[in-house]
Amino acid sequence: MALARKLLRVNLTKGTCVEEPVNQDWVRQFLGQRGLATKYLASEIDPKIDALSPENKLIFTVGPLTGTMAATGGRYSVVTKGPLTNAIACGNSGGYFGNELRSAGWDMVIFEGRSPTPVYLFVENEKAQLLPADEFWGKSVWETEGGLKRKHQDPQIRVSCIGRAGENQVLFAGIVNDLHRAAGRSGVGAVMGSKNLKAFAVRGTMGVSSIADPKAFMAAVKAGKKVLADNPVTGQGLPKYGTQVLMNVINEMGASPTRNHQDVQFEGARKISGEAMHEKRETDGKTHLVTNQACFGCTIACGRISRIDETHFSVNTKPEYWGASGGLEYEAAWAFGNANGIDDLEALQYCNLLCNEEGFDPISFGATVGAVMELYELGVITKEEIGFEAPFGSAEALCKLAELTARGEGFGKILGQGSKRLCEKYGRPDLSMTVKGQEFPAYDGRALQGMGLAYATSNRGACHLRGYMVSPEVLGIPVKLDPQATEGKPEMLKAFQDATAVVDSTGLCLFTTFAWNLNDIQPQIQAACEGDWSMESLLAMGERIWNLEREFNLAAGITGKDDTLPPRLLNEPCKTGPQAGMVAQLGKMLPEYYQLRGWNAEGVPTSETRTRLGL
Amino acid sequence: MQKSLHIDPGKCTGCRQCEMACSYEHTGTFNTSDSRIKIFEFHHEGRNVPYTCTQCAEAWCLNACPVEAIKVDVLTGAKVVSESVCVGCKVCTIACPFGTINYKQETGKVQKCDLCGGDPACARECPTGAITFVDADWTGLERMRQWAQKTDTQAQV
């Protein structure tokens with residue numbers, strides 16, 4: 001097996017670090033990363049526990065291709081029970097941390113319990129220590145990373161940590177590594193904060209030497225890289241515009257949720273698009289975008305590095321934000337922008353910097369602001385409660401809300417609970433644009449029927465990374481499907497969900513699948529790992545992982561009734577654009593989806609399905 | 001004809017494929033710690049810069065070595081460390097003005113770029129052309145071509 005076969009169990013209550021062998025039966029069933037960590041979590045905790053209690057566990061994990069030359073092979077995941085959703089949470093991140101952890105020889109680190117005082121884990125190859133983090137508690141992600149490198153006098157240390165949002169247990173706090181890459185969603189950072197675990201710093205110098213068939217592996221890797229380079233999306237669109245290549249495309253499709261999903265097209269989209277990031281600003285004659293940036297091992301390089309306008313009101317007295325740093329990806333640009341009717345690119349970038357600096361999810365934050373602004377315009381939330389005016393379109397309000405949320409001050413405390421809890425508090429749960437407590441990302445489930453079904457059935461609440469039906473419904477990958485049709489969507493979605501679970505268990509980036517399908521990935525896994533990793537076994541594994549996550553959620557008290565969408569998406573049609581008149585026709589798809597999954601009418605896997613998948 | 005590694009930092013995305021390729025070529029392991037080429041990230045400038053030995057004509061490391069462990073590969077021009085001769089005294093690491101020869105704890109010897117015997121893996125695997133292996137006399141050729149293209153003189157009719 002390409003994995004190192006050992007895991008580190010860190011008991012924060014007792015302050016111990018213990019090495020354990022990885023369960024090889026589970027590796028054969030779940031490969032690594034998302035699949036394997038989910039199996040460990042589901043086996044070790046009661047899904048009913050409070051996600052922020054010491055009984056929850058927090059697992060950092062890599063895949064068998066992490067730290068290898070496989071294109072994009074640098075990913076790691078954080079798996080836990082999420083406080084935002086009370087469902088399984090699995091955040092996946094790039095940057096360089098994943099390779100460093102793999103290079104230190106660990107496949108997985110399981111944090112359990114709760115430390116009585118703030119600590120960080122420092123791993124140097126086989127040596128692991130829990131060290132006091134009092135000097136870093138209360139500090140931002142950026143200060144913590146810099147501080148740890150200085151303290152250990154080693155600039156080559158990689159750090160994954162929480163900022164003040166995670167400490168304050170903002171329910172959508174993320175875990176940030178390499179300054180601007182994040183395991184962002186479902187509140188994994190709040191779990192880390194609840195454990196008094198500030199950071200995980202690692203230096204690995206052992207590398208990956210256990211590739212089963214190096215010659216076959218290098219041939220498969222080379223072939224995969226060529227496919228990525230030759231594909232127009234991964235070879236040209238993503239390097240040039242990043243995921244922001246989608247801003248104008250999705251808006252023109254009439255699939256861009258705007259002003260808390262009241263509209264599906266945003267008149268200001270062009271001003272905050274990937275194209276706009278290439279244009280020279282009037283104020284200083286510079287472009288917003290400085291360069292593209294790759295994560296470890298990535299031959300696509302979709303990452304954005306931007307420089308904010310120094311004269312912008314958000315930063316004109318704050319030179320600490322003037323340098324180049326992680327810039328707007330599509331989801332963040334949409335969540336700050338379209339969701340709130342704000343077309344001020346620089347204000348969006350300021351919020352993006354705050355999300356990276358203090359560690360919180362731009363999607364959930366931006367979408368929750370959308371709910372706040374609608375409630376404000378309806379007169380349900382007043383200026384006095386918020387502290388300032390907060391109508392749609394106000395960049396000033398957005399920036400102030402981001403600051404309050406990051407610091408856990410004033411109205412930011414309420415906002416930091418997410419859209420569902422906030423809308424319930426103000427008696428308007430119908431205005432929360434969430435599924436299972438998690439906010440929608442940047443595609444409208446009415447305009448794209450398959451995405452609607454994907455949101456309703458996602459195991460981590462509303463999410464675009466659990467079955468990206470945008471690919472067939474907008475981009476025509478691997479085939480073009482009519483976005484308004486419901487026929488064929490359940491089948492395609494199931495295939496996407498299962499394949500995604502496989503990709504997330506390998507150490508590769510999901511973005512490769514704009515160009516690759518499992519046929520491109522399978523030879524890389526087969527060459528790297530011992531055992532049978534045929535297409536058949538991989539597909540079965542993807543389905544197994546999906547059902548394992550489903551069973552975790554069912555045991556946590558989430559039922560088929562939660563496989564739904566907000567009333568706005570089911571009842572209020574798209575007002576403009578090519579999908580005008582459409583609502584989400586979930587009822588037409590969900591029963592067929594359950595049937596294809598081998599679940600009963602309540603959405604519970606049948607005993608035949610469980611047996612077939614070896615659960 | 002000898003060739004040189006030519007580095008264009010403007011094209012580097014920071015992906016580390018070069019570091020992986022270098023370590024794999026020399027050790028059979030994917031391990032950026034074993035790479036002879038390193039990427040430096042200047043985050044707040046938005047720049048990534050690959051850096052490795054330029055194979056000086058009069059090499060400080062070679063001249064400093066007390067046991068003549070560093071020799072010229074006549075085929076490639078690379079200054080190559082002979083591990084069997086090197087005593088790990090590290091004098092070369094002091095002599096090199098650029099820091100591109102380094103001591104390895106595991107072997108007790110120094111290591112540096114050896115141009116992979118004439119087919120450098122870093123250049124082969126770089127996905128963006130930030131690292132190329134070109135005619136040693138014409139490392140500036142591509143930059144000249146770019147500037148040449150900007151001249152607006154038309155051919156005389």
Side-chain angles (χ1 to χ4, degrees), chain A residues 2 65-74 95-96 99-100 102-103 125 142 155-156 178-180 203-211 214 217-218 221-222 225 228-229 235 239 289-307 320-327, chain B residues 7-51 99 102-109 111 116 119-132:
Chain A
L65 302 186
T66 307
T68 72
M69 266 184 90
T72 77
Y96 305 100
N99 166 61
E100 205 69 23
R102 182 82 197 278
S103 254
N125 293 333
W142 297 348
Q156 300 196 77
D178 302 295
L179 304 177
H180 62 109
R203 180 80 202 285
T205 63
M206 302 200 296
V208 179
S209 57
S210 51
I211 297 295
F217 181 70
M218 292 302 274
V221 163
K222 190 177 177 187
K225 283 187 204 165
L228 293 178
L289 183 75
V290 176
T291 186
N292 65 326
Q293 167 106 33
C295 294
F296 185 87
C298 178
T299 57
I300 303 172
C302 76
R304 303 291 91 183
I305 300 293
S306 296
R307 192 180 282 118
E320 64 269 31
Y321 294 105
W322 292 355
S325 193
Chain B
I7 289 168
D8 182 351
K11 290 181 180 167
C12 178
T13 62
C15 77
R16 271 73 172 176
Q17 282 280 337
C18 57
E19 294 189 14
M20 301 283 271
C22 180
S23 71
Y24 185 74
E25 181 79 20
H26 290 96
T27 67
T29 299
F30 300 116
N31 188 356
T32 54
S33 297
D34 280 338
S35 175
R36 285 107 161 120
I37 186 165
K38 298 298 278 182
I39 304 297
F40 293 89
E41 184 185 358
F42 301 94
H43 181 74
H44 293 299
E45 299 166 28
R47 291 201 304 140
N48 290 288
V49 183
Y51 204 75
N102 285 281
Y103 178 72
K104 295 301 290 179
Q105 298 172 51
E106 301 89 77
T107 59
K109 315 282 180 181
Q111 72 174 30
C116 296
D119 179 20
C122 55
R124 202 167 61 225
E125 296 298 337
C126 177
T128 63
I131 307 165
T132 49

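Every heavy atom of this structure was used, including side-chain atoms; hydrogens, water molecules and symmetry mates were not. Each chain gets a letter, A, B and so on, in the order the sequences are listed, and its residues count up from 1.
Note that CZ of A:Phe217 is 8.5 Å distant from OH of B:Tyr24, once rounded to the nearest 0.5 Å. Between the CZ atom in B:Phe30 and the CG atom in A:Leu65 there is a gap of 9.5 Å [rounded to 0.5 Å]. Rounding to the nearest 0.5 angstrom, the gap separating the CD atom in B:Glu41 from the CD1 atom in A:Ile305 is 6.5 Å. Distance check, rounded to the nearest 0.5 Å: CZ of B:Arg16 to CG of A:Asn99 gives 9.0 Å.
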Verdict with reasoning, A:Val290 to B:Arg47, per side chain to side chain contact (heavy atoms under 4.5 Å, CB included): CA-CA 9 Å; A:Val290 176; B:Arg47 291 201 304 140; over 6 Å; no
Intermediate values then yes/no, side chain to side chain contact (heavy atoms under 4.5 Å, CB included), B:Thr32 and A:Tyr96: CA-CA 11 Å; B:Thr32 54; A:Tyr96 305 100; over 6 Å; no
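With a 4.5 angstrom heavy-atom cutoff, A:Leu179 touches chain B only via side-chain atoms. Contact annotation for B:Ser33: only side-chain heavy atoms (C-beta onward) come within less than 4.5 Å of a heavy atom of chain A. Proximity to chain B is limited to the side chain of A:Ser103, based on heavy atoms less than 4.5 angstrom apart. Both the backbone and the side chain of A:Thr205 come within contact range of chain B, judged by heavy atoms closer than 4.5 Å. Of the atoms belonging to B:Lys38, it is side-chain heavy atoms, and not backbone ones, that fall under 4.5 Å from chain A. For B:Glu106, no part lies near chain A; criterion is any non-hydrogen pair under 4.5 Å. Only the side chain of A:Lys225 comes within less than 4.5 Å of a heavy atom of chain B; its backbone N, CA, C and O stay farther away. For A:Glu100, no part lies under 4.5 angstrom from a heavy atom of chain B.
Across A:Met69, A:Gln293, A:Met206, A:Met218, the residue that shares the most heavy-atom pairs under 4.5 angstrom with chain B is A:Met69. Here A:Ala294 is the residue among A:Ala294, A:Ala229, A:Gly323 with the most heavy-atom pairs under 4.5 Å with chain B. Heavy-atom pairs under 4.5 Å with chain B peak, among A:Gly73, A:Pro239, A:Cys298, A:Ala301, at A:Cys298. Counting heavy-atom pairs under 4.5 Å between each of B:Asn48, B:Thr29, B:Ile39, B:Asp34 and chain A puts B:Thr29 at the top. No other option in A:Asp178, A:Asn292, A:Thr299 has as many heavy-atom pairs under 4.5 Å with chain B as A:Thr299.
Within 6.0 Å of NZ in A:Lys222 there are 12 or fewer heavy atoms belonging to other residues, nucleotides or ligands. A 6.0 Å sphere centred on CD of B:Gln105 holds no more than 12 heavy atoms belonging to other residues, nucleotides or ligands.
The aromatic rings of B:His44 and A:Trp142 sit perpendicular, their planes meeting at an angle over 60°, well past the 30° parallel limit.
Counting only distance, with no hydrogens or angles, the side chain of B:Glu45 and the backbone of A:Ala324 share no donor-acceptor pair below 3.5 Å.
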